[in-house]
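To start, the structure under review is shown below, and the notes come after it.
Being a predicted model, the structure only gives us computed values, none of them experimental.
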Amino acid sequence: MIVVRLAAQDLPPPESWSKQSSGAPCIVQRPAGSEPSHFAPVVVLFPSPSDAPTAATAANTLGKALAQRGFVVVVPLLVGWPPAAGPDAELHWPLLFQALRRRVRIEQGGLHALVAGDEEKFVLFLLAHRQEFQTITLFGESAGEDDLEALRRLPSRRVHAIASSDVEQVAEHMQKLHAERYLPGAAGEVAKVLDDFHDAAAVGDERRYFAILPDDAVFLGTDGTERWTGAEFRKFSMPYFERDSAWTYVCLRRHVDVDAGGAFAWFDETFDNAAYGECRGSGVMTKRGDRWVLRQYHLTVPVPNDITRAVAARIRAFQDGAPLPVTTVVVVRHAETMEARVGHRLSPAGKSRAEALAMVLRGLQLGAVYTNGSQPTTETVEPFCLGKGLRPRSLSATETKRLVARIREEHRGQSLLVCGQSNNIPELLEQLGVTAKITIGDDEYDCLFVVTLTPDGTQFLTLRY
């Protein structure tokens, strides 16, 4: 990105966008020579609603400094902030983003959020509209690293805090931030065509979109059955392009390689999308005359390794037309015991509790019962096992990982009972995915923990019996 500094007097006058035309009122400062067909980096500048500078002042100072560096700057008028207030406020901001894309071709696809201060409402707003922004910067004396924790968890975002309100310093930071994704040479040409491709979809421009995805190209969708030629994909997607926006995928990062002869390029890019979250696009482009066009585009939804098993199980169940596998684990502590000098076995109160457990669980159809092999745990499940014709299996208290592996693999989709001790039950629950901190007091024998394992995660319930 090559930026030419312009004098403030060379800039066009700020534009005022009304709520009726854009969903939310705002001031827009364009750089000199800006045309609707030109791509430009775009900053959404959120001034503090309670402190100076006001929105108008921000547009006249920092907004102009950014425009001098080639940015289009959008300053929302923060009347009635926070944005979530009001019965129809949830519609205002998506309408603003949509109006912005129709009036400005956004370079690199994603907006830059620039926020004065660290007020929590801004963070909540940015999290709610994460799919629009490729970078987030908080600036000012109150902008601290601690306030960015939730924003930093957003995948593929570049999030920063600047403990300064100096106009030049903030503007230079934004210039460098945008330049980080600048690609030179032939790779940059490919990147601009991809920006054009995604922008055309975001504003429903069928002609521009399919000029880049010609009839003999191939488009692979997220569903395994979706393989179209460009001509077939055009026919399929026509209803989408009849809307104001077909779909919006905001690019967060991109890699482009071009062959030595400059005739072919291959790429991969990461997006955010309101419906599908983080997505990945990859493909091949070729030169036809002096234009780059797509030969293949492949859209996928990457699955984090930690949840791949769960997603695979959900897909398999869907393909088989079967219900999703749900595993239910009932975990209890052994019942009350005699004093150690008498013998480590159940006391009369413990035997009564074991009978009560059998009564509570009588309606469950269990695939297995596990104990840690000790006499108290075996005696606690004995009445239940006798009534169900089950034989308890034993794994020592040190084999928690082995037990969890059996539960997840051998007993997937079943219900089972596990009887343990107060010192190893918290570890078992944690390895089953329970995030709550569990402690069991020395005199607590009535806790009944129910853990439900589904492809969507772990659910947890604590009962008393």
Side-chain angles (χ1 to χ4, degrees), residues 94 98 101 109-110 130-132 134 154-156 190 193-256 265-286 293-326 412-413 453-457:
Q98 183 178 325
R101 293 184 184 280
R130 65 187 71 186
Q131 70 275 4
E132 299 291 344
Q134 60 164 307
L154 295 178
S156 307
V190 171
V193 173
L194 289 170
D195 283 347
D196 199 21
F197 180 64
H198 300 308
D199 179 77
V203 298
D205 190 335
E206 173 206 357
R207 180 196 58 77
R208 186 156 50 103
Y209 186 88
F210 287 100
I212 300 169
L213 185 76
D215 287 354
D216 59 346
V218 172
F219 189 98
L220 302 173
T222 54
D223 191 296
T225 65
E226 294 176 338
R227 186 188 189 279
W228 294 283
T229 65
E232 291 168 339
F233 188 59
R234 187 171 194 159
K235 182 178 180 181
F236 163 81
S237 59
M238 275 305 298
Y240 297 93
F241 279 91
E242 291 171 357
R243 308 180 307 192
D244 289 337
S245 172
W247 49 77
T248 301
Y249 288 85
V250 174
C251 189
L252 304 176
R253 63 172 180 255
R254 177 183 288 146
H255 303 94
V256 178
W266 54 100
F267 63 88
D268 61 87
E269 45 191 11
T270 300
F271 304 105
D272 203 347
N273 173 265
Y276 295 114
E278 184 173 322
C279 302
R280 177 185 294 153
S282 60
V284 179
M285 302 188 78
T286 188
V293 296
L294 284 159
R295 296 296 295 124
Q296 183 183 92
Y297 195 92
H298 189 189
L299 181 65
T300 62
V301 180
V303 179
N305 289 333
D306 290 346
I307 62 172
T308 296
R309 281 177 174 265
V311 174
R314 176 177 281 277
I315 293 172
R316 192 177 297 115
F318 176 80
Q319 291 172 337
D320 294 344
L324 293 171
V326 175
R412 188 168 67 95
L453 308 177
T454 75
D456 296 321

- Task: Could you walk me through whether Phe241 and Trp247 pass the side chain to side chain contact (heavy atoms under 4.5 Å, CB included) test, one step at a time?
- Result: CA-CA 9 Å; Phe241 279 91; Trp247 49 77; 3.7 Å; yes

Residue pair [X] / [Y]: nearest heavy atoms and the distance that separates them:
{"X": "Val293", "Y": "Pro214", "result": "CB-CD, 4.1 Å"}
{"X": "Gln98", "Y": "Asp244", "result": "NE2-CB, 3.1 Å"}
{"X": "Val250", "Y": "Gly109", "result": "CG1-O, 3.8 Å"}

- Item | Geometric class of the Tyr240/Phe236 ring pair [parallel <30°, tilted 30-60°, perpendicular >60°] |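 Geometry flag for Tyr240 against Phe236: tilted rings.
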
- Can you label the angle between the Phe233 ring and the Tyr209 ring as parallel, tilted or perpendicular, going by 30° and 60°? tilted

[X] side, atom [atom1]; [Y] side, atom [atom2] - distance, nearest 0.5 Å:
{"X": "Tyr276", "Y": "Tyr249", "atom1": "OH", "atom2": "OH", "value": "6.0 Å"}
{"X": "Ile212", "Y": "Arg207", "atom1": "CD1", "atom2": "CZ", "value": "9.5 Å"}
{"X": "Phe219", "Y": "Glu226", "atom1": "CZ", "atom2": "CD", "value": "8.0 Å"}
{"X": "Arg101", "Y": "Ser245", "atom1": "CZ", "atom2": "OG", "value": "8.5 Å"}
{"X": "Leu220", "Y": "Thr225", "atom1": "CG", "atom2": "OG1", "value": "11.0 Å"}
{"X": "Arg253", "Y": "Thr270", "atom1": "CZ", "atom2": "OG1", "value": "4.0 Å"}

- Task: Please report the C-alpha distance between Arg295 and Thr286 in whole Å, then the side-chain angles of each, then the deciding distance to 0.1 Å, and finally whether the side chain to side chain donor-acceptor pair (under 3.5 Å) criterion is met.
- Result: CA-CA 7 Å; Arg295 296 296 295 124; Thr286 188; 5.9 Å; no

Quick one, [X] and [Y] - any side-chain contact, counting heavy atoms below 4.5 Å?
{"X": "Arg314", "Y": "Ile307", "result": "no"}
{"X": "Thr248", "Y": "Gln131", "result": "no"}
{"X": "Thr454", "Y": "Leu324", "result": "no"}

Table please: side-chain donor-acceptor pairs of residues 297-306 below 3.5 Å, with sequence neighbours left out.
| unit_1 | atom_1 | unit_2 | atom_2 | d |
| --- | --- | --- | --- | --- |
| Tyr297 | OH | Glu269 | OE2 | 2.8 |
| Thr300 | OG1 | Arg280 | O | 3.3 |

- Task: Carefully, step by step, assess Arg208 and Asp199 under the rule side chain to side chain contact (heavy atoms under 4.5 Å, CB included).
- Result: CA-CA 9 Å; Arg208 186 156 50 103; Asp199 179 77; 3.0 Å; yes

- Task: Report the C-alpha separation of Ser237 and Phe210 in whole Å, then their side-chain angles, then the decisive distance to 0.1 Å, and conclude whether the side chain to side chain contact (heavy atoms under 4.5 Å, CB included) test is met.
- Result: CA-CA 11 Å; Ser237 59; Phe210 287 100; 3.4 Å; yes

- Query: Would you call Asp195 and Arg254 a salt bridge, taking side-chain N to carboxylate O under 4.0 Å as the test?
  - Reply: yes

